[in-house]
Amino acid sequence: MAKTPLRNTTAQVAKHLAWVLSDTYVLMVKTHAYHWNVTGDLFPQLHTLFETQYNELFTAADEIAERIRGLNLPAPVSMKNFLEHTSIKETTAIPNAKAMIKDLIASNENLRARISEACDLAGEVGDKGSEDVMIARLRAHDKAIWMLRTMVD
(Lines give C-alpha, C1' and ligand atoms only; values in the text may rest on other atoms or scores of the structure.)
Protein backbone atom coordinates (compact mmCIF):
# COMPACT_ATOMS: atom_id res chain seq x y z
CA MET A 1 0.00 0.00 0.00
CA ALA A 2 1.42 3.36 -1.01
CA LYS A 3 1.86 6.03 1.61
CA THR A 4 -0.32 9.09 1.27
CA PRO A 5 1.86 12.17 0.78
CA LEU A 6 1.75 14.64 3.62
CA ARG A 7 -0.58 17.53 2.86
CA ASN A 8 1.22 19.82 5.24
CA THR A 9 4.52 21.55 4.79
CA THR A 10 7.12 23.31 6.88
CA ALA A 11 5.55 26.60 5.77
CA GLN A 12 2.22 25.50 7.23
CA VAL A 13 3.91 24.57 10.52
CA ALA A 14 5.61 27.97 10.57
CA LYS A 15 2.25 29.67 9.92
CA HIS A 16 0.73 27.86 12.91
CA LEU A 17 3.77 28.75 15.02
CA ALA A 18 3.33 32.41 13.99
CA TRP A 19 -0.28 32.26 15.17
CA VAL A 20 0.88 30.81 18.49
CA LEU A 21 3.54 33.51 18.68
CA SER A 22 0.93 36.21 18.02
CA ASP A 23 -1.31 34.85 20.77
CA THR A 24 1.65 34.52 23.12
CA TYR A 25 2.74 38.10 22.58
CA VAL A 26 -0.74 39.58 22.97
CA LEU A 27 -1.32 37.49 26.10
CA MET A 28 2.03 38.68 27.47
CA VAL A 29 1.01 42.32 26.98
CA LYS A 30 -2.39 41.69 28.57
CA THR A 31 -0.84 39.90 31.55
CA HIS A 32 1.68 42.70 31.98
CA ALA A 33 -1.09 45.32 31.93
CA TYR A 34 -3.00 43.34 34.56
CA HIS A 35 0.19 43.18 36.66
CA TRP A 36 0.35 46.98 36.61
CA ASN A 37 -3.33 47.53 37.33
CA VAL A 38 -4.46 44.78 39.71
CA THR A 39 -5.94 45.97 43.01
CA GLY A 40 -7.72 44.43 45.96
CA ASP A 41 -7.10 41.96 48.75
CA LEU A 42 -5.11 39.60 46.53
CA PHE A 43 -2.90 42.36 45.14
CA PRO A 44 0.45 41.02 46.41
CA GLN A 45 -0.20 37.47 45.23
CA LEU A 46 -1.67 38.46 41.86
CA HIS A 47 0.95 41.12 41.19
CA THR A 48 3.66 38.50 41.69
CA LEU A 49 1.81 35.75 39.78
CA PHE A 50 1.14 38.03 36.81
CA GLU A 51 4.79 39.09 36.77
CA THR A 52 5.93 35.48 36.74
CA GLN A 53 3.53 34.70 33.92
CA TYR A 54 4.34 37.65 31.67
CA ASN A 55 8.06 36.98 32.05
CA GLU A 56 7.51 33.33 31.13
CA LEU A 57 5.45 34.38 28.10
CA PHE A 58 8.21 36.76 26.98
CA THR A 59 10.75 33.95 27.09
CA ALA A 60 8.33 31.66 25.26
CA ALA A 61 7.75 34.23 22.52
CA ASP A 62 11.48 34.33 21.87
CA GLU A 63 11.70 30.52 21.70
CA ILE A 64 8.76 30.30 19.31
CA ALA A 65 10.13 33.06 17.05
CA GLU A 66 13.52 31.36 17.00
CA ARG A 67 11.86 28.08 16.04
CA ILE A 68 10.16 29.82 13.11
CA ARG A 69 13.54 31.22 12.06
CA GLY A 70 15.02 27.75 12.49
CA LEU A 71 12.55 26.60 9.85
CA ASN A 72 14.15 29.25 7.61
CA LEU A 73 11.04 31.42 7.51
CA PRO A 74 10.50 34.94 8.86
CA ALA A 75 8.90 35.53 12.24
CA PRO A 76 6.24 38.27 12.54
CA VAL A 77 7.86 41.70 12.70
CA SER A 78 5.25 44.07 14.12
CA MET A 79 2.43 44.48 16.59
CA LYS A 80 0.19 44.86 13.53
CA ASN A 81 1.23 41.33 12.47
CA PHE A 82 0.48 40.00 15.94
CA LEU A 83 -2.90 41.71 16.15
CA GLU A 84 -3.91 40.48 12.67
CA HIS A 85 -3.27 36.85 13.66
CA THR A 86 -4.15 36.65 17.34
CA SER A 87 -7.18 34.92 18.75
CA ILE A 88 -6.66 36.61 22.14
CA LYS A 89 -9.11 39.42 22.82
CA GLU A 90 -7.50 42.67 23.87
CA THR A 91 -8.71 44.44 26.97
CA THR A 92 -9.59 48.11 26.73
CA ALA A 93 -10.85 48.61 30.29
CA ILE A 94 -9.38 47.69 33.66
CA PRO A 95 -11.44 44.85 35.13
CA ASN A 96 -11.48 43.94 38.80
CA ALA A 97 -9.05 41.29 40.03
CA LYS A 98 -11.49 38.39 39.75
CA ALA A 99 -12.42 39.36 36.18
CA MET A 100 -8.70 39.64 35.33
CA ILE A 101 -8.13 36.11 36.56
CA LYS A 102 -11.12 34.73 34.63
CA ASP A 103 -9.99 36.56 31.50
CA LEU A 104 -6.47 35.17 31.81
CA ILE A 105 -7.83 31.66 32.33
CA ALA A 106 -9.93 31.97 29.15
CA SER A 107 -7.04 33.51 27.21
CA ASN A 108 -4.63 30.76 28.30
CA GLU A 109 -7.19 28.08 27.38
CA ASN A 110 -7.68 29.68 23.98
CA LEU A 111 -3.94 29.82 23.38
CA ARG A 112 -3.56 26.26 24.63
CA ALA A 113 -6.02 25.09 21.95
CA ARG A 114 -4.00 26.84 19.25
CA ILE A 115 -0.78 25.32 20.58
CA SER A 116 -2.38 21.88 20.48
CA GLU A 117 -3.27 22.38 16.79
CA ALA A 118 0.29 23.47 15.99
CA CYS A 119 1.67 20.51 17.94
CA ASP A 120 -0.55 18.07 16.05
CA LEU A 121 0.44 19.54 12.71
CA ALA A 122 4.15 19.43 13.57
CA GLY A 123 3.76 15.79 14.58
CA GLU A 124 1.91 14.99 11.36
CA VAL A 125 4.78 16.30 9.21
CA GLY A 126 7.48 14.82 11.44
CA ASP A 127 8.80 18.17 12.69
CA LYS A 128 10.00 16.93 16.08
CA GLY A 129 11.65 20.26 16.96
CA SER A 130 8.46 22.28 16.56
CA GLU A 131 6.43 19.53 18.20
CA ASP A 132 8.79 19.59 21.20
CA VAL A 133 8.51 23.38 21.56
CA MET A 134 4.72 23.13 21.43
CA ILE A 135 4.61 20.28 23.98
CA ALA A 136 6.61 22.46 26.38
CA ARG A 137 4.13 25.31 25.77
CA LEU A 138 1.19 23.00 26.49
CA ARG A 139 2.73 22.12 29.86
CA ALA A 140 3.40 25.80 30.63
CA HIS A 141 -0.18 26.81 29.87
CA ASP A 142 -1.58 23.89 31.84
CA LYS A 143 0.38 25.18 34.83
CA ALA A 144 -0.67 28.81 34.25
CA ILE A 145 -4.33 27.80 34.04
CA TRP A 146 -4.05 25.69 37.19
CA MET A 147 -2.38 28.50 39.13
CA LEU A 148 -4.97 31.06 38.00
CA ARG A 149 -7.87 28.73 38.82
CA THR A 150 -6.63 28.34 42.40
CA MET A 151 -7.16 32.08 42.82
CA VAL A 152 -10.90 31.96 41.98
CA ASP A 153 -11.91 28.57 43.48
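Just so it is clear, the model here is predicted, and its values are computed rather than measured. For this chain, numbers begin at 1 and follow the sequence in order.
- Atom CG of L83 has more than 12 heavy atoms from other residues, nucleotides or ligands within 6.0 Å.
- Between H85 and P76 the shortest side-chain heavy-atom distance does not fall below 4.5 Å.
- Within a 6.0 Å sphere centred on CD of E90, other residues, nucleotides and ligands contribute 12 heavy atoms or fewer.
- No salt bridge links K89 with D103; every basic N to acidic carboxylate O contact stays at or beyond 4.0 Å.
- One finds the CG atom of L49 at 9.0 Å from the OG1 atom of T31 (value rounded to the nearest 0.5 Å).
- Between K30 atom NZ and L57 atom CG the span is 11.5 Å, to the nearest 0.5 Å.
- For the pairing with L111, the side chain to side chain contact (heavy atoms under 4.5 Å, CB included) check across L138, I145, I88 returns one residue only, I88.
- The existence of a salt bridge linking R67 and D127 is confirmed by a sub-4.0 Å separation between a basic side-chain nitrogen and an acidic carboxylate oxygen.
- Side-chain contact between M100 and L46 is absent, with no heavy-atom pair separated by less than 4.5 Å.
- Heavy-atom minimum distance, A93 versus P95: O-CD, 3.1 Å.
- No hydrogens or angles considered: a donor-acceptor pair under 3.5 Å links the side chains of Y34 and T91.
- I135 and V13 are assigned to two separate hydrophobic clusters, defined by single-linkage of ILVMFWY side chains at heavy-atom distances under 4.5 Å.
- T59 and D62 form no side-chain donor-acceptor contact under 3.5 Å, judged by distance and modelled atom types alone.
- M134 and A118 make their closest contact through SD-CB, 3.9 Å (heavy atoms, listed as atom of the first residue, atom of the second, distance).
- Residues I94 and M28 share a hydrophobic cluster, clusters being chains of Ile/Leu/Val/Met/Phe/Trp/Tyr side chains in contact below 4.5 Å.
- Each of W19 and I115 belongs to its own hydrophobic cluster when Ile, Leu, Val, Met, Phe, Trp and Tyr are linked at side-chain heavy-atom distances under 4.5 angstrom.
- Here the side chain of N110 pairs no donor or acceptor atom with the backbone of A106 at under 3.5 angstrom.
- A continuous path of hydrophobic side-chain contacts links L17 to L73 [ILVMFWY only; heavy atoms under 4.5 Å].
- The cluster map of Ile, Leu, Val, Met, Phe, Trp and Tyr, joined by side-chain heavy atoms under 4.5 Å apart, puts L148 and V152 in the same cluster.
- Counting only distance, with no hydrogens or angles, the side chain of T24 and the backbone of V20 share a donor-acceptor pair below 3.5 Å.
- The nearest pair of heavy atoms linking T48 to P44 is OG1-O, 3.0 Å.
- You'll find the ring centres of H32 and F50 outside the 6.0 Å limit.
- Atoms CZ and CG, from F82 and L21 in turn, are 4.5 Å apart once rounded to the nearest 0.5 Å.
- To the nearest 0.5 angstrom, E84 atom CD is 5.0 Å from K80 atom NZ.
- Y25 and A61 make their closest contact through CD1-CB, 3.9 Å (heavy atoms, listed as atom of the first residue, atom of the second, distance).
- Pairing each heavy atom of N108 with each of A144, the nearest pair is OD1-CB, 3.8 Å.
- Although no hydrogens or angles enter the test, the distance criterion places no donor-acceptor pair under 3.5 Å between the side chain of D120 and the main chain of E117.
- No donor-acceptor pair closer than 3.5 Å links the side chain of D132 to the backbone N or O of K128.
- When side chains are defined from C-beta on, T150 does not count as touching Q45, because their heavy atoms never get closer than 4.5 Å.
- Put simply, the side chain of K143 reaches to within 4.5 Å of the side chain of W146, judged on heavy atoms.
- Distance CE/M151 to CG/L104: 11.5 Å, rounded to 0.5 Å.
- The line from SG of C119 to CZ of R114 is 15.5 Å long, rounded to the nearest 0.5 Å.
- Between E56 and R137 there is a salt bridge, since a side-chain N of the basic residue sits under 4.0 Å from a carboxylate O of the acidic one.
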